[in-house]
Asks: 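If you scroll down you'll find the structure; I have some questions about it.
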Number of protein chains: 2
Amino acid sequence: MKITDTENIIEPLSVDCVIFGFEDARIKVLLIKRSIEPEFGVWALPGGFIRYSENIEAASSRVLKERTGVANVYMEQLGAFGELDRFPLKRVITIVYYALVKPGKYKLNAGPDASDARWFNLSELPYLPFDHEKIILASLARLRRQFKYKPIGFNLLPDKFPLLKLQELYQAIYGIEFDKPNFRRKIMKMNLLVPLDEKQKGVPHRSAQLYKFDKNRYDALTETGFIFEI
Amino acid sequence: MKITDTENIIEPLSVDCVIFGFEDARIKVLLIKRSIEPEFGVWALPGGFIRYSENIEAASSRVLKERTGVANVYMEQLGAFGELDRFPLKRVITIVYYALVKPGKYKLNAGPDASDARWFNLSELPYLPFDHEKIILASLARLRRQFKYKPIGFNLLPDKFPLLKLQELYQAIYGIEFDKPNFRRKIMKMNLLVPLDEKQKGVPHRSAQLYKFDKNRYDALTETGFIFEI
DNA sequence: TCAAAAGTGTTTGCAATACACCCATGC
DNA sequence: GCATGGGTGTATTGCAAACACTTTTGA
């Protein structure tokens with residue numbers, strides 16, 4: 001977050017990214033190790049300043065790409081955080097985006113102001129600088145609400161997945177268990193999943209049918225008044 | 001929005017307020033008539049620049065008070081809007097708050113850069129400058145979702161109200177009709193309303209029981225896992 | 001043959017829906 | 001009396017929850 005080109009950036013305005021992943025039935029957050037002061041060497045949210053020539057979402061995409069190598073993912077704005085003392089050196093207001101990343105899609109690649117990047121379990125976050133913990137918790141709260149009425153969970157799963165993985169994702173998000181037969185029925189009745197000509201391989205039990213999410217079908221249903229809800 | 005004190009403000013960062021009201025069974029938005037260029041004389045959202053010494057929410061409260069006289073109302077951040085061309089003179093990113101105002105609470109009082117303030121029906125909005133229409137529609141979309149799982153509607157009603165007013169509010173928000181007996185039961189079963197020792201007066205029909213929303217009870221229920229949902 | 005997950009069927013009870021109906025008040 | 005909204009009662013239906021059960025695969 002060193003200011004190298006003061007002509008180019010909007011001084012007191014940064015973006016920060018909360019990047020969520022899902023693996024081993026747990027929700028993860030991607031953090032980078034800061035390579036500049038303040039808080040040198042500390043795990044933190046990837047962030048950077050906004051440039052005059054780019055809109056906010058573009059800034060967020062750029063920062064995400066530069067700092068972590070992650071690109072082309074689902075991204076949405078959470079909001080602005082601007083407490084007077086949130087950043088020690090000067091007044092910086094940050095606009096936060098959260099992103100959902102499919103497993104395998106990301107190729108970790110620390111950028112100029114980070115010497116490393118790593119996934120952390122939500123329940124095992126390290127010390128975080130500034131208001132980053134507050135930001136992550138706010139992102140999670142928003143994510144939980146979004147999961148209820150938008151099929152965004154598919155952005156955290158591979159393109160092909162068995163139903164139980166979807167269930168495990170919802171269980172991880174809400175922190176509760178669902179009944180398998182009932183969850184199945186509820187999902188299948190929505191008509192958003194397409195069964196593929198493919199099954200799981202190499203699992204030590206009956207192999208599961210794989211499905212993919214059909215976004216076109218979802219959009220069409222939405223037009224007719226359908227409301228996704230779990 | 002004239003910059004009179006460039007030392008004091010964060011140059012490219014403003015706040016804008018979407019103020020919702022409810023009267024005659026219709027959702028309203030409070031707009032002010034701009035008294036400076038650009039878009040002089042045009043109805044617009046009340047807005048202003050953020051100062052270095054105030055946090056964002058304080059800026060929003062201040063702007064709201066200065067421009068319209070409205071104070072002490074329910075307010076929540078919608079998010080940041082920052083398209084490159086949203087404001088013609090220069091790059092301005094704005095952080096939007098939406099507010100809910102009880103009828104009678106507001107005393108209209110146009111501020112320094114507005115010669116007037118007025119309520120408009122959502123369905124009869126005038127021409128709006130910049131991205132203000134987009135902002136209002138985004139606020140409304142957020143409001144609709146919030147209404148589903150948070151009892152914020154009470155911030156649009158007087159402290160004492162009959163059940164039918166609450167129903168009319170939900171009908172205006174969602175644009176659909178509810179069955180009266182069923183709506184009643186649903187609300188009453190939640191145990192959030194306290195019947196008062198008071199009834200409607202001077203109405204040309206049987207006078208209705210008045211209720212008030214019990215926030216303490218709501219908070220207590222929320223702690224025990226209760227989830228408000230309509 | 002056993003463990004583990006895939007997948008189906010069925011019963012039960014609650015809650016949303018859709019009404020029909022009576023009550024109070026002002027004009 | 002009548003229009004208008006206040007307020008209660010009830011039959012029906014749909015669906016979520018609970019759980020018992022069969023199937024398939026690898027080791």
Side-chain angles (χ1 to χ4, degrees), chain A residues 22-26 147-149 157-158 160-212 221 225-230, chain B residues 22-26 147-149 157-158 160-212 221 225-230:
Chain A
F22 178 65
E23 206 135 16
D24 304 324
R26 311 192 69 173
F147 257 71
K148 264 215 173 289
Y149 66 90
L157 293 175
K160 306 169 181 183
F161 55 88
L163 280 184
L164 192 62
K165 290 294 165 210
L166 186 63
Q167 183 177 343
E168 283 171 353
L169 173 56
Y170 273 88
Q171 292 179 160
I173 288 284
Y174 292 132
I176 55 171
E177 305 260 300
F178 293 105
D179 180 80
K180 186 170 49 157
N182 294 335
F183 183 84
R184 263 183 111 66
R185 267 189 291 265
K186 195 168 189 169
I187 295 291
M188 293 314 287
K189 216 177 44 185
M190 292 186 191
N191 245 317
L192 299 176
L193 295 186
V194 183
L196 301 169
D197 289 339
E198 222 175 319
K199 301 211 167 205
Q200 273 181 321
K201 277 182 285 190
V203 285
H205 53 74
R206 179 171 169 183
S207 61
Q209 176 67 244
L210 296 180
Y211 293 87
K212 76 178 175 80
L221 283 171
F226 164 83
I227 295 174
F228 177 88
E229 204 179 337
I230 276 191
Chain B
F22 177 65
E23 207 137 15
D24 304 324
R26 311 192 69 174
F147 257 71
K148 263 215 169 300
Y149 65 91
L157 293 176
K160 307 169 180 183
F161 54 88
L163 280 183
L164 192 63
K165 289 296 165 207
L166 186 63
Q167 182 178 343
E168 283 171 355
L169 173 54
Y170 273 88
Q171 290 180 163
I173 287 284
Y174 292 133
I176 55 170
E177 304 260 302
F178 293 106
D179 180 80
K180 187 172 45 158
N182 296 334
F183 183 84
R184 264 184 109 67
R185 267 189 289 267
K186 194 168 188 169
I187 296 291
M188 294 314 286
K189 216 178 41 184
M190 290 185 191
N191 244 317
L192 299 176
L193 295 187
V194 183
L196 300 168
D197 289 339
E198 223 175 318
K199 301 210 165 204
Q200 275 182 321
K201 277 181 287 192
V203 285
H205 51 74
R206 178 173 171 182
S207 61
Q209 177 66 244
L210 295 180
Y211 294 87
K212 77 177 174 78
L221 284 171
F226 164 83
I227 295 172
F228 177 88
E229 205 179 336
I230 277 190

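In the text below, chain A, chain B and the rest are named by the order of the sequence lines, each starting its count at 1. Worth knowing before you read on, the calculation uses all heavy atoms, side chains too, and leaves out hydrogens, waters and symmetry mates.
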Asks: Would you kindly give the NZ-to-C1' distance between Lys180(B) and dA16(C), to the nearest whole Å?
Replies: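 After rounding, the reported distance stands at 18 Å.
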
Asks: How close do Tyr211(A) and Leu193(A) get, heavy atom to heavy atom, and via which atoms?
Replies: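 Scanning both residues, the minimum pair turns out to be CD2-CB, 4.0 Å.
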
Asks: Can you tell me how far C1' of dA24(C) sits from NZ of Lys201(B), to the nearest Å?
Replies: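 Computing the Lys201(B):NZ to dA24(C):C1' distance gives 17 Å.
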
Asks: Can you give me the closest heavy-atom contact between Gln200(A) and Ser207(A), atom names plus distance?
Replies: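 Between these two residues, the closest heavy atoms are O-CB, 3.1 Å.
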
Asks: Look at the rings of Tyr170(A) and Phe147(A) and say which category their plane angle falls in: under 30° parallel, 30 to 60° tilted, over 60° perpendicular.
Replies: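 Geometry flag for Phe147(A) against Tyr170(A): perpendicular rings.
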
Asks: So which atom in Glu198(A) and which in Lys160(A) form the shortest heavy-atom distance, rounded to 0.1 Å?
Replies: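 Taking Glu198(A) first and Lys160(A) second, the nearest heavy atoms are OE1-NZ, 2.8 Å.
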
Asks: Counting only heavy atoms and a strict 4.0 angstrom limit, can you tell me which residues of residues 162-173 of chain B come near DNA chain C?
Replies: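 Per residue number, the list is empty: none.
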
Asks: In whole angstrom, give the distance that lies between atom CZ of Phe161(A) and atom C1' of dA6(C).
Replies: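 The answer, rounded to whole Å, is 16 Å.
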
Asks: What integer distance in Å separates Lys186(B):NZ from dT8(D):P?
Replies: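 My rounded result for the distance is 19 Å.
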
Asks: I need the minimum non-hydrogen distance between Ala25(A) and Ala172(A), along with the two atoms involved.
Replies: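 That closest heavy-atom pairing would be O-CB, 3.7 Å.
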
Asks: Grab the CZ-P distance between Arg184(B) and dT10(D) for me, whole Å please.
Replies: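 Going from CZ in Arg184(B) over to P in dT10(D) covers 17 Å.
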
Asks: Starting at CD1 of Ile230(B) and ending at P of dA16(C), how long is that distance when rounded to a whole Å?
Replies: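 Interatomic distance, CD1 of Ile230(B) to P of dA16(C): 11 Å.
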
Asks: Please give, in whole Å, the distance from dG7(D) P to Lys189(B) NZ?
Replies: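 Going from Lys189(B) (NZ) to dG7(D) (P), I get 19 Å.
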
Asks: Along nucleotides 19-27 of chain D, 5' to 3', which nucleotides get a B, which get an S, and which get a -, given that the test is a protein heavy-atom distance under 4.0 Å?
Replies: BB--BBBS-

Asks: Using the test side-chain hydrogen bond (donor to acceptor under 3.5 Å, both in side chains), find all partners of Asp179(B) that sit at least two apart in sequence or belong to another chain.
Replies: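 Scan of Asp179(B) (side-chain hydrogen bond (donor to acceptor under 3.5 Å, both in side chains), adjacent residues dropped) gives Asn182(B).
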
Asks: Minimum heavy-atom separation for Gln171(A) and Phe178(A), please, with both atom names.
Replies: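 Smallest interatomic distance, heavy atoms only, reads OE1-N, 2.8 Å.
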
Asks: Could you report the tightest heavy-atom contact between Tyr174(B) and Ile230(B), atom names first, then the distance?
Replies: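 Tyr174(B) and Ile230(B) have their closest heavy atoms at OH-O, 4.1 Å.
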
Asks: Check the distance between dA6(C)'s P and Leu210(A)'s CG and give it to me in whole angstrom.
Replies: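 Roughly 11 Å, once rounded to whole Å.
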
Asks: Quick check on side chain to side chain contact (heavy atoms under 4.5 Å, CB included): which of Leu169(A), Leu164(A), Leu163(A) does Gln167(A) satisfy it with?
Replies: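 So, applying the side chain to side chain contact (heavy atoms under 4.5 Å, CB included) to Gln167(A) and each of Leu169(A), Leu164(A), Leu163(A), only Leu164(A) qualifies.
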
